[in-house]
Protein chains: 2
Amino acid sequence: MSSSAEKYDVFQAVADPTRRKVLQLLAGGELPISAITSHFTMSRTAIAKHLHILSEADLVSGRKVGREKRFRLQPEPLEELKQWLAFYDRFWDNKLSILKHVVEHPEETND
Amino acid sequence: MSSSAEKYDVFQAVADPTRRKVLQLLAGGELPISAITSHFTMSRTAIAKHLHILSEADLVSGRKVGREKRFRLQPEPLEELKQWLAFYDRFWDNKLSILKHVVEHPEETND
DNA sequence: TTGACATGAAACCAAATGGTTTTATATAAT
DNA sequence: ATTATATAAAACCATTTGGTTTCATGTCAA
């Protein structure tokens, strides 16, 4: 049961390209901060902050092993994104039926 | 063929809750700025800016009709998000294999 | 043509974001 | 014990973001 009252949600967490790259790296397996940092030009501190944000969104979790802190991917929150997207499926999968609907119900087209 | 050299990508565009609500409203059909604004407490100008951002991400398109500008949903760019998500499917679909890994390596399970 | 409506555009602002450098602390290795 | 490694935490900074207010412009209606 991860933290609540999170500052960052999945949408925000995933909006940053650096964080997306971090997630991709972690998809390959657990990694300590230094190893992650080695794939970027920015400082380790910057990466640590991104990890903190990803952590708040529950997209990663970290555990200390010796002197290093290893992070692993926690993809579950992506489900929320997936479900959000699912709503829009009908708007471009079978676009014709939607168009048909709109044409047949023009009164629903204002507000 | 929509604009290029866009400042906002889909990830950023969708990161803001106000913009997600705007998309949802437009899912119900084409709407002018004023009508959209009526669903929020913030100013019309603010909404217009959000629409501009959504427009840069090609998630909406606007056309002038008389004195009003009507916006409609353009869901196609969401496909990019969908594909990005698809990559992570395998990381939680077969969650059992992950669990198995954790159980078999308890020494990695503190913090 | 006069006024109301719908939008556009610009200037401005506070807070958030994404980065830095510096300092401190815990662990590992020699 | 000493030094090197890995991280944490804090202070700082520039830019971006998300909002505002104000003013200008185009269109519709009376």
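Computed from a prediction, not measured in an experiment: that's the story for all the values here. Order of the sequence lines sets the chain letters (A, B, ...), proteins ahead of strands, with each chain counted from 1.
Side chain of Thr45(B), nearest nucleotide from dG18(D), dT22(D), dT7(D): dT22(D). Of the candidate nucleotides dT7(C), dT27(C), dT7(D), dT7(C) has the atom nearest to the side chain of Ile33(B). When each of dG18(D), dT20(D), dT7(D) is scored by its nearest atom to the side-chain atoms of Ala46(B), the top-ranked nucleotide is dT20(D).
Pairs of residues two or more places apart, or lying in two chains, that qualify as side-chain hydrogen bond (donor to acceptor under 3.5 Å, both in side chains) and include a residue from residues 64-73 of chain B are Glu30(B)-Arg72(B), Glu68(B)-Arg70(B).
At a cut-off of 3.5 angstrom, counting only N and O atoms as typed in the model, there is a donor on one side and an acceptor on the other between the side-chain of Arg67(A) and the base of dT5(D).
Contact between the side-chain N/O atoms of His52(B) and the OP1/OP2 oxygens of dG8(C) is not found at any separation under 4.0 Å. At dT20(D), one or more side-chain N or O atoms of Ser43(B) fall inside 4.0 Å of OP1 or OP2 (strictly under the cut-off). OP1 or OP2 of dG18(C) has at least one side-chain nitrogen or oxygen of Arg19(A) nearer than 4.0 Å. Put simply, Gln12(B) has no side-chain N or O that comes within less than 4.0 Å of OP1 or OP2 on dT16(D).
Distance CZ (Arg44(B)) to P (dG8(C)): 7 Å, rounded to an integer number of Å. In this structure, Lys69(B) places its NZ atom 18 Å from P of dT25(D), rounding to the nearest Å. Protein atom CZ of Arg70(B) is 14 Å distant from nucleotide atom P of dT27(D), rounded to whole Å. Protein atom NE2 of His50(B) is 12 Å distant from nucleotide atom P of dT17(D), rounded to whole Å. Regarding Lys49(A), its NZ atom lies at a distance of 9 Å from the C1' atom of dA10(D), rounded to whole Å. Taking atom OH on Tyr8(B) and atom P on dT17(C), their separation rounds to 13 Å, with Å as the unit. Look at NZ on Lys7(A): it is 10 Å from P on dG18(C), rounded to the nearest Å. Across the protein-nucleic acid pair, Arg63(A) atom CZ and dA8(D) atom P stand 14 Å apart, rounded to whole Å.
Going from atom CG of Leu23(B) over to atom CG of Leu54(B) covers 5.0 Å, rounded to the nearest 0.5 Å. Rounding to the nearest 0.5 Å gives a distance of 11.5 Å between CZ of Arg44(A) and CD1 of Ile36(A).
Contact between Glu80(B) and Phe11(B) at its shortest, heavy atoms only, is OE2-CE1, 3.9 Å.
Phe71(B) is connected to Val10(B) through a chain of hydrophobic side-chain contacts under 4.5 Å among Ile, Leu, Val, Met, Phe, Trp and Tyr, so both are in one cluster.
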